[in-house]
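Input: a single structure, listed below in structure tokens.
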Amino acid sequence: MSEFKPVSGGIKIAIDRGGTFTDCIGSHPDRDDVVIKLLSVDPANYDDAPREAIRRVLECYTGRKIGRDEKLDTSLIESIRMGTTVATNALLERKGQRCAMVTTRGFADCLVIGNQSRPKIFDIAIHKPDVLYEKVVEIDERVTLEDYTEHPDKFKTKDVSTDSDLVVGLSGEVVRILERPEAAKIEAALRALYDEGFRSIAVCLVHSYTFPDHEKLVGEIARKIGFEHISLSSQLMPMIKLVPRSTSATADAYLTPEIKKYIDGFQKGFAGGLGTASAMQGSGARCEFMQSDGGLVDVDSFSGLRAILSGPAGGVVGYALTSYDPRTKIPVIGFDMGGTSTDVSRYGEGRYEHVFETTTAGVTIQSPQLDINTVAAGGGSQLFWRNGLFVVGPDSAAAHPGPACYRKGGPLTVTDANLYLGRLLPEFFPKIFGPNEDEGLDYTASESLFAKLTEQINSEIVAPAKQMSVDEVAYGFIKVANETMIRPIRTLTEAKGYDTSAHRLATFGGAGGQHAVAIAEALGIRQILVHKYSSVLSAYGMALADVVQEVQEPSSIAFTATTRDSFVKRFAELRKRAAVSLYDQGFSDETIEFELYLNMRYQGTESALMIIKPEQNWDFEKPFVAQHMQEFGFILPNRDIIVDDIRVRGIGKSFQTSEKSVDEQLKSLATRPVNVAEKSLMTKSVYFEGGRVHTPIFKIEDLQIGDKVAGPAILADGTQTIVVPPNSTAVLIETHVVINIGDEDSDGTSAKKDISTGRVDPITLSIFGHRFMAIAEQMGRALQKTSVSTNVKERLDYSCALFDANGGLVANAPHLPVHLGSMSTAVRMQAEIWKGRLKKGDVVVSNHPTTGGTHLPDITVITPAFHGDKIVFYVASRAHHADIGGILPGSMPPNSRELYQEGAAILSEKLVSEGRFNEERITQLLLDEPAQYPGCSGTRCLPDNINDLKAQVAANQKGINLIDSLIDEYGEDVVQFYMVAIQENAELSVRNLLKQVSKRFEGKTLKAVDYMDDGSPICLEIKINAEEGTAVFDFTGTGPEMYGNMNAPEAVTYSAIIYCLRCMITEDIPLNQGCLRPVDVVIPKDSFLSPSAAAAVVGGNVLTSQRVTDVIFHAFEACAASQGDCNNLTFGIGGKNAETGEQVRGWGYYETIAGGSGAGPTWHGTSGVHTHMTNTRITDAEIFERRYPVLLREFSIRKGSGGNGQHRGGDGVVRDIEFRVPVQCSILSERRVYHPYGLAGGEDAACGLNLWIRHLDDGKGGILQRKINLGGKNTAYMKAGDRVIICTPGGGGWGPAHMEEDTANRAVDPRSTWRGQGTAANYAAIQESAS
């Protein structure tokens, strides 16, 4: 044995401090790597896990004992690189620094309102994430943009020299200074904050991204007063959008002081300094922290805003640099499955994929971050049997109590299922459990709970379904967990135009090896890579990472041959700034590389793409067009390409890996079958598809390079367990275990799965529930990708769904509540109309209220799918088109009396005939026919209509292709069988709900009535058959059809019923036709809920639907009334000239505005949020003023407008808009007369109010300002300087105000409102906020 030689310096240390474990890798050129894994929190043994890990590494390399209280000698250390969860934990637990926010007057509530959408569409007890600041200070200052992008003639101010209030901003936009701040007033306000004990502030003023002068003034005054931390939004991330920039600034003010506090404590444990300055002076070691963008930064520059994904970013760097080969260019999907969640990401084209706006722990942040998508499914995800379905997560057992097998009385989890099935080996798991922390995993605890759950499942399974074994139940949960994780991976790849099957899967994290093959197989991936450091890959990634300095500036200039040189100059300036920072950290020109990016989009869209500079030239346009085509499926050749941001990523290259790539190793590898008898450690009974198999277990360290292990097998060491199923092989190379799926001579196809249709299998039913929903989601994603209009592409105002052969809804992605039941009516009626006359390649289009439409702008496209000559199912997509003609732009007139005034009405037409798109006929329907009516115009945006209809056709075809794949996989009879079964499952859930309600009300008939503002009643009587779990919803007594537009087609009422039933079932259930099977609906003909074919209906969809919802909830006594309104505001110019008939170019804008939600028996209402049948996002204030000639004076909470009570109703909002040019403005609203009701003794909320601040000539040469009530529904021609102020209704209160608040059932985990991380989760959030 060679003599141990202690090292005297040059040790490199990389650390990932995770939530449960801290991983550390020490390296030295003369010694083997040292790997340390320890608990992140162990106060009985050490104060700080990273410092303890470094101490142990130094002991290994020096050969001497180092006391835990001894300061560590930095002369031994060359560098420390670390990823930390300090910022993430402070954000998750809301334990950051006390801070205040400074903003422009009128915007104190901008972060309370946010984008006005609610986090979870079916939660009537709405819980929005708390804001991070404790107090807000508004200051008197205001700037706006002089020009607006929607100007019909594209006018731009060129000369600012003649007006002292005009300046050119950093983005190139002309800024008008409306009010300059007074330093004395600012100082008084800030000093008051300081005297209250605040030491950290965030400053975010309107349009500071392009005009930062006022923010800088506030910052200077704050520094003079003595604030310790000042976050200026214009310096942190100068990107347009007030709300995310404000949240970013407050997150930085909230988190950075905590980061600094931690770093100060960490540094005190070392003898000698940490950081570049100390290292360059020879008195310390380099110390760098991983940022969310995958780059390292010096310890002194590490900030909270860029620290949120510090740990996960290391994992992405780790697999990217060890699994991707720039020569073969095979892209890689990263699959990091941990205890509470799974992180999914992608690496291809040799560079990291970044996102610049994402939501973490309920906080939307603008900052470059790796596109890491977090799914609420991990080893600790809990297992449930609910309503006949297997459900995995999102609840987690967490670290405490942990899974049942952790010996702390925890619940059943995915980890327990793997343990019980033999896929997790106690022999290889650390013995850290039990009262003395010296016992292994408890198999019997998992076994016992699975036995009890199996008994329950078998007792509830209805014959002729067969009884299930414990093995089958446990394996069923594994399969459902896999399906849960597969959906976001598909979204991540296919959403960007990538083929999932063309990737490799790189798996790491504690649980990844147990699921990787099943995940890969379902995605069509044939090869999986497991790095030798997979269990500590995030730490290894820190060791491989580069130091990064990002510099960014805003822009608003079109990219053309003329402007190209100006971008080249700005790049040169930004490169200098990035280089100076890297020089200061010891890098030279030889070790610095630059990535140059332009953030580009087509004029009039908001879908920007970050484009890297081509290698050979400065022509950014070609790669932009190519990437736009790949991601969105179309280009807009006649539109300008706008540059929103100029970005330089300076990279200090600090580490060059000597590893051969996977492809290089495989190319020269000689493989040999492993000798199982000789190399296997033992044999275990392991469950795979079909039953248990005696499976050899191998220790990874006992295998040699080139050993080939055929499945079934398990490969394990002290930190990871890799399951190799039958029909797979594992090969050991120097750096990885490589798993290949399928036989080497296989063509990659798989046989149809043999599944019985004689009985419903609960596991298969649960999986089909996921698969059907995934099809609807992917249809939606395809529609969003290929559409052109803002309404569809950015607001996602659409729904996609899958239907059985009879038109019954099978799966509807949670897009719009108002579409939930109505699309099925449309499909059934069109199927009847075209019975026996449709051929393969035909597509039908309709929007008429009498054939299942909601209102005319919602156009439905329906495609039949054939098997032979038989229609086996339908797919449909419904999209809101921004204009389809009628009397007003936007086709949402507040004063329409007849249907024709609202635009094109299409009863039933073939849009596509045997594959041929009938553009001539659809042009007639949209453009020519509506213009024949008096005072009406045809569509004002025909190109957008045509493009969006083609996108709907393409989305439907995507759905058909996916169903065809499902049929290829399972067979048509099985797919049809489970289409019916999933509807029967939803029916069972609703029947159970109705039985519970009947029991609660002791069999009484439920009744409610409410009134529209014109006095028209909506009457409802609900009779429940408790024995059968059925109900009759009887609207007899409802008022007659109106001579106005509050009439609602019958389909709207069905949508309201299905939405309410889903809300009252507090668990996730499939949304399909089965929900309505136990319900009979009686709607009196010729009432305004069942109007005639010619009746106007535009308000019925957006207003009456809300009142129907309130009435249903009132009858069930579920909650007090919410605002009962959408507050539809439209304004614009242009359209058909009434005198000449000429079409005048113009623009239009449409928004819906939030209000208050109703309180309930255990919750307060929420303020400033959309409720029930809508959930649209509001346009950000800065985007609003960039695109339109408006000034947003105020957007705030309307204090006191919610109803008082034991639980208060939520408050409405005040939205004050000043017009800078003459416009036609319309408001379509309700609850301006009848108050949102309180319940159980709670008080009513305030009604809404619509005001016109009108400027008139006083006859003496002056201006007279008058305040005029517009009423609930009106149109007015407003002059420049006029304002519209919309005061929205609040929500009703619950319970008498004198009663004490009921807190018994109000313990809500604040994390329940948070979503996953990354683009997949963000897309899901937008889906639920798009009505």
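Residue numbers run from 1 in the order of the sequence given. FYI, side chains are in, hydrogens and waters are out, and symmetry mates aren't considered; it's all heavy atoms of this structure.
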Taking Lys660's backbone N and O only, do any of them form a donor-acceptor pair with Gln665's side chain (distance below 3.5 Å, no angle check)? yes
Test Ile54 against Phe266 for side chain to side chain contact (heavy atoms under 4.5 Å, CB included), laying out the working first. CA-CA 11 Å; Ile54 295 170; Phe266 179 68; 3.9 Å; yes
How long is the span from the CD1 atom in Ile201 to the NE2 atom in His229, to the nearest 0.5 Å? 9.5 Å
Between Thr342 and Met337 (side chain of the first, backbone of the second, donor and acceptor by atom type, cut-off under 3.5 Å), is there such a pair? no
Hey, could you give me the CD1/CZ distance between Ile651 and Arg351, rounded to the nearest 0.5 Å? 11.5 Å
Count the heavy atoms belonging to other residues, nucleotides or ligands that lie under 6.0 Å from CG of Asn617, then report whether that count exceeds 12. yes
Is any side-chain heavy atom of Arg647 less than 4.5 Å from a side-chain heavy atom of Glu550? yes
Apply the test side chain to side chain contact (heavy atoms under 4.5 Å, CB included) to residues Ile557 and Phe567: give CA-CA distance (whole Å), side-chain angles for both, the deciding distance (0.1 Å), then the verdict. CA-CA 9 Å; Ile557 299 168; Phe567 289 111; 4.1 Å; yes
Side chains of Ile77 and Leu58: does their closest heavy-atom pair fall under 4.5 Å? yes
Here the pair of heavy atoms bringing Cys24 nearest to Ile15 is SG-CG1, 3.8 Å
List the atom pairs, donor and acceptor, that lie under 3.5 Å between side-chain atoms in residues 297-309 and the rest of the protein, sequence neighbours left out.
residue	atom	partner	partner atom	Å
Asp298	OD1	Thr276	N	2.8
Asp298	OD1	Thr276	OG1	2.6
Asp298	OD2	Asp300	N	3.2

Nearest atoms (heavy-atom pairs only) where Asp343 meets Pro312: OD2-CB, 3.8 Å
Could you grab the distance from atom CD of Gln616 to atom CG of Asp619, nearest 0.5 Å is fine? 12.5 Å
Taking side chain as C-beta onward, heavy atoms only, is Ser555 less than 4.5 Å from Arg570? yes
Between Leu598 and Phe571, is there a side-chain heavy-atom distance shorter than 4.5 Å? yes
Quick one: do the Ser234 and Ser208 side chains pair a donor with an acceptor below 3.5 Å? no
Starting from the C-alpha separation in whole Å, work towards a yes-or-no answer on side-chain hydrogen bond (donor to acceptor under 3.5 Å, both in side chains) for Tyr540 and Thr322. CA-CA 10 Å; Tyr540 192 59; Thr322 59; over 6 Å; no
Which heavy atom in Tyr61 sits nearest to a heavy atom in Gly26, and how many Å separate them? OH-O, 2.9 Å
Look at the rings of His531 and Tyr533 and say which category their plane angle falls in: under 30° parallel, 30 to 60° tilted, over 60° perpendicular. tilted
For Glu220, salt bridge (charged side-chain N to carboxylate O under 4.0 Å, His left out) partners two or more places apart: none
If you measure from the Lys or Arg side-chain nitrogens to the Asp or Glu carboxylate oxygens, is any gap between Glu357 and Lys241 under 4.0 Å? yes
Side chain to side chain contact (heavy atoms under 4.5 Å, CB included) between Ser231 and Leu236, intermediate numbers included: CA-CA 7 Å; Ser231 297; Leu236 289 168; 3.9 Å; yes
CD on Glu353 to OH on Tyr347, rounded to 0.5 Å: 10.0 Å
What's the shortest heavy-atom distance between Ser323 and His736, and which atoms? OG-NE2, 3.7 Å
Does any N or O in the side chain of Ser581 come within less than 3.5 Å of the main-chain N or O of Ala578, such that one atom is a donor and the other an acceptor? no
May I ask you to check whether over 12 heavy atoms, not counting those of Asp584, lie within 6.0 Å of atom CG? yes
Counting only N and O atoms by type, is there a donor-acceptor contact under 3.5 Å from the side chain of Thr210 to the main-chain atoms of Leu170? yes
Is Glu553 paired with Arg577 through a side-chain N to carboxylate O contact shorter than 4.0 Å? yes
Pair Arg17, Thr22: side-chain N/O donor-acceptor within cut-off below 3.5 Å: no
Quick one: does any side-chain atom of Ser246 pair with a main-chain N or O of Cys204 as donor and acceptor, under 3.5 Å? no
Taking the side chain as everything from C-beta on, heavy atoms only, tell me whether Arg56 gets closer than 4.5 Å to Leu38. yes
Roughly how far apart are Thr85 OG1 and Tyr262 OH, rounded to 0.5 Å? 8.5 Å
Can you check whether Pro212 reaches Gln235 side chain to side chain, under 4.5 Å on heavy atoms? no
Check whether any side-chain heavy atom of Met290 lies under 4.5 Å from a side-chain heavy atom of Val317, and answer yes or no. yes
Expected output: side-chain Glu215 to main-chain Ser233 donor-acceptor under 3.5 Å: yes
Residues Arg55, Glu59: salt bridge by 4.0 Å N-O rule: yes
For the side chain of Arg81 and the backbone of Ala14, is there at least one donor-acceptor N/O pair under 3.5 Å apart? no
Check the side chains of Glu288 and Ser79 for a donor-acceptor pair under 3.5 angstrom, ignoring hydrogens and angles. no
Show your working on salt bridge (Lys or Arg N to Asp or Glu O under 4.0 Å) between Lys576 and Glu573 and close with a plain yes or no. CA-CA 5 Å; Lys576 285 179 186 175; Glu573 294 168 6; over 6 Å; no
Does any part of the side chain of Tyr209, heavy atoms only, come nearer than 4.5 Å to the side chain of Met239, both counted from C-beta? no
Can we say Asp663 and Arg504 salt-bridge, meaning some charged N sits less than 4.0 Å from an Asp/Glu carboxylate O? yes
Any salt bridge between Glu664 and Arg327, counting N to O under 4.0 Å? yes
Please test Leu505 against Leu529 for side chain to side chain contact (heavy atoms under 4.5 Å, CB included), starting from the C-alpha separation and ending with a verdict. CA-CA 6 Å; Leu505 187 73; Leu529 307 178; over 6 Å; no
Ignoring hydrogens, what is the shortest heavy-atom contact between Gln585 and Arg286? Give both atom names and the distance. O-NH1, 2.7 Å
Between Tyr583 and Asp589, a side-chain donor and acceptor under 3.5 Å: yes
At what distance, to the nearest 0.5 angstrom, does OG1 of Thr256 lie from CD of Glu228? 13.0 Å
Checking Gln369 against Thr358: is there a side-chain donor and acceptor pair closer than 3.5 Å? no
Work out which heavy atom in Tyr324 is nearest to a heavy atom in Glu349; give both atom names and the distance. OH-N, 3.4 Å
